[in-house]
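First the structure, in the form of structure tokens, and then the observations on it.
The structure presented is a predicted model; accordingly, all values stated were derived computationally and were not measured. Letters A, B, ... mirror the listed sequences (proteins, then strands); counts begin at 1.
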Protein chains: 4
Amino acid sequence: MSLSTSVQEQVSDTQIITASCPGGLGTVDAVTAYLYQQGCYINEINSFDDIDTQRFFIRIEFRPDRQSAFNRENFISGFKTKAASFDMDWTLTRKDDKAKVVIMVSKHDHCLNDLLYRYRTGDLKIEIPAIISNHPDLEELAKWHGIPYFHLPVNKDIKPQQEAMIWKIIQDCDADLVVLARYMQVLSSEMCQRLAGWAINIHHSLLPGFKGAKPYYQAYHKGVKLVGATAHYISDDLDEGPIITQGVETVDHSHYPADLAAKGQAIECQTLSRAVRWHIEQRVFLHGEKSVVFAK
Amino acid sequence: MSLSTSVQEQVSDTQIITASCPGGLGTVDAVTAYLYQQGCYINEINSFDDIDTQRFFIRIEFRPDRQSAFNRENFISGFKTKAASFDMDWTLTRKDDKAKVVIMVSKHDHCLNDLLYRYRTGDLKIEIPAIISNHPDLEELAKWHGIPYFHLPVNKDIKPQQEAMIWKIIQDCDADLVVLARYMQVLSSEMCQRLAGWAINIHHSLLPGFKGAKPYYQAYHKGVKLVGATAHYISDDLDEGPIITQGVETVDHSHYPADLAAKGQAIECQTLSRAVRWHIEQRVFLHGEKSVVFAK
Amino acid sequence: MSLSTSVQEQVSDTQIITASCPGGLGTVDAVTAYLYQQGCYINEINSFDDIDTQRFFIRIEFRPDRQSAFNRENFISGFKTKAASFDMDWTLTRKDDKAKVVIMVSKHDHCLNDLLYRYRTGDLKIEIPAIISNHPDLEELAKWHGIPYFHLPVNKDIKPQQEAMIWKIIQDCDADLVVLARYMQVLSSEMCQRLAGWAINIHHSLLPGFKGAKPYYQAYHKGVKLVGATAHYISDDLDEGPIITQGVETVDHSHYPADLAAKGQAIECQTLSRAVRWHIEQRVFLHGEKSVVFAK
Amino acid sequence: MSLSTSVQEQVSDTQIITASCPGGLGTVDAVTAYLYQQGCYINEINSFDDIDTQRFFIRIEFRPDRQSAFNRENFISGFKTKAASFDMDWTLTRKDDKAKVVIMVSKHDHCLNDLLYRYRTGDLKIEIPAIISNHPDLEELAKWHGIPYFHLPVNKDIKPQQEAMIWKIIQDCDADLVVLARYMQVLSSEMCQRLAGWAINIHHSLLPGFKGAKPYYQAYHKGVKLVGATAHYISDDLDEGPIITQGVETVDHSHYPADLAAKGQAIECQTLSRAVRWHIEQRVFLHGEKSVVFAK
């Protein structure tokens, strides 16, 4: 037991730094030497330098050494200069900080229920300032968790206004991440662009196998022996953004579409929550139409 | 240990009967009552009646009871009448009989090597009367296993003649099954029709995800997080026949196309040999563009 | 889409018959011939005859043919005689009937939450007449689902009385199944015997790997690369009853005990709900210290 | 295609450095700063600092920058001093260098066959200077691959002499790794100590589930629903050394011991070859009774 306590104590001030930039000599050293100089103790590094596109990615978990007087502001201003000289995109996050996640849903509640359970028990270190839906069905579930529920019906005529309201809520919440937990509406191209790279969608299929609607019907008619789900970032094309993670399960001839859907929904939950976890733990980097993921 | 011996002895005369026909009252009884009447002891039944298409499928492993004098010829002629009245397709196979399998390859040997190992050790109960290839590369491997190797080069001009030679070999061998273990040529429509439903192809991708050539390059450029393989029967369209089984493995950003291919090849071997096993154990039924598989 | 409706309609009066008895000629026919005679249309059969122990198991899903006038009482009384002559244990269940499941918990809510979600959405066709706990913690969760919650604290001195109260609740509910969804108390030998074969426990480990307490600590100290969970029936020895199903996930050196537990809990939920589903769908047969499971 | 060629070219002089030492400020910098100073371009880093035991592990793939004149001798002598000041264990390996692997077998050939296939096709970058067996059965297989086969029968009386001969062969070959690919003999305590940490054993079970002999019989009698295999380093206790990786597959009641063994053997092959790959790619660190594995 003493292990657990000791681990807890030591990781309580853990920080995560991520960076990516064009590949080149010294990119690693730019980060590691700085951490050393600032008296930071490194728990874990993952780095990757893509030979194909010549781009470098690094993620480091570290904690201030007990003797050192870590000053976050100084740390940041000091690193800015260094990062600029390497043309680095970078982030610094306290591991214990809770990301603010806005969730969008329609009527299906399996993904929402799973996320709320992980939120409620602290398994996912997130706050949920808002749940947005085009249907009223899931309000009670939101309320029981004490989360504001915004029912914003939509049809073709009022779509621009509805999306404007959604966007306002997301901004008012100062959201770090938007999760489309089976929000069954196609977003406008403008909305997609706004959310590109920081909104995660769950596609109820193994992309690119069955794009579009009713993938379980498509799968049934093809007689596939595996069903799956894909969590990916939104991009211009809703079903085409960078894939974060995918899940799969075996099925057979006795699975009618409803059975495929039931098995599929379990995979959707697992796949989506895994993607959210990796995103908020800063394990995922956008990399053109793909992603770099330091999985755990 | 005595268990194993006893099991061996008792299953040595095990027979497998399969049947399929339009769904209707009494289809099961047509088979099970007949087995009872013939003094046959049933080890295992799997049946399925497809509500969607109203078609019935059954597979039974049985053995003649020790007291009964089982006569195969009588059994068959007796069942013929019954089967006809239900418009049944049916088969009767001794479990220990070895299927004659003709294997077709090009240069890649991973699937062939895996099949030969399972053949050599008796894991797959098959004979391999011929290996056919459009390249000479794998002849030594065939020879070490004492299997005739037919090197039949092919190009556009001689394709009809080459396929005629292939077809002759298959017929001369009296083959029960043809396995395309990475035979990298497109077969003519005529050849496909001849082999439809009794030739198994391994597609190095999770169909219908990446049809066509170089699926690992396609997968790389899409940044997928899973690669897989699909074993399916040949139909008119080489990449579209009824799926028998599929396999999958996780990958990440650090997998370049060659790494994806290496992981993929392991899955191809496993998936193809599983499909062959289920086919020769009479576990697979064609069912329009799909299959019914009583897996083990 | 019409498929789904049609499927629904036809399966609405689906029945499940299961039987097991000493192996012998005619065991299958005893059931299938009777169904035929009663005008029953068979959707699916699974049978298995254990060569080792000479015992026979069968499960059939069927529906009365539209033309036939199915009378449940007549069916039952007719089958009783037949079953008796084969010394059969047997059950007849309407597929749509909801099993009455009493759930026992302590403080951990992950398994309970998962079961309640599947109950609420109809994914598991069950009623939950009572949740029993030795702690008050999960009462609110039960209440939100409208389920009576019985808080029955326990210590060494009052254990017999507490178990007597539990037993009374189970009997008053006329429970079909008891699920120990992380009820962290050892049951008395008397209680185990009462529940043997119809109470499912989830053991937070791959049995028989890490029996007893704190399996995730044991796993951590052994440096295992897989963690798992085991759903099994209760027997005299709480950790030793017949296994129904097991689940597993990969882990690595960076997983401290708390991380192992987090991954493990996800597997516990999936494994337990799968066991409950198979039990209530009559897919599981007790078979000495083991089980026969016709999985889907 | 150009990608593949370019990747190939650039990785052709890739080096792998690994190090481990007591945790402390500057351990990472000791390596990364040195690489930068030596003009080395880093492809990939994995590091881990165990909070429980306060030990640090790092693995880096790097290549000399094109402009820099990399001198291996200078690199090594320069790093020695640095490493000493941190009390580091460390290794430097060229990625393309082939490890010399001595394989020990008895009569079962499934693991040997799998390793030889991966050796023959270059999938595993190894040389196999010797195959040692206490039985003559697998000599032909070795010969076809052009590998010396040493048949060293053993019984209680001559065990010391036989092990001395084994040890001499291993030394004469200058082996980097010994693989016990189902060598069904218990090694003496002295032999175990000599091989501790650089001999990999495949245990045909999910340790610590079924230690000792005939695990598939044990598994059968317990009615487990999963079988698995464990690849681990040898330590004093043959079945207890640090686990490298484990594999698993589902089974059911219809799997008699022979069926379990057949499924198990497929997992043994996969698990053992994965462990060998990770070992020779310098991905595995001994860490007391456990291992740290930077898996791919």
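For chain D, the nearby part of C:L206 is the side chain; its heavy atoms alone come within less than 4.5 Å.
Of the listed residues (C:A295, C:G228, C:S291, C:S205), the greatest number of heavy-atom pairs within a distance under 4.5 Å of chain D belongs to C:S291. For chain D, the option among C:D252, C:T245, C:V248, C:V224 with the highest count of heavy-atom pairs below 4.5 Å is C:V224.
In this structure, the side chains of C:K225 and D:V293 come closer than 4.5 Å at one or more pairs of heavy atoms.
Atom CZ in D:F57 sits 12.5 Å away from atom OG in C:S254 (nearest 0.5 Å).
D:Y256 contributes no side-chain N or O that, together with a main-chain N or O of C:D50, makes up a donor-acceptor pair within less than 3.5 Å. Remark: the backbone N or O of D:P242 is not paired with any side-chain donor or acceptor of C:K222 at under 3.5 angstrom.
For D:H253 and C:F285, the gap between ring centers reaches or exceeds 6.0 Å.
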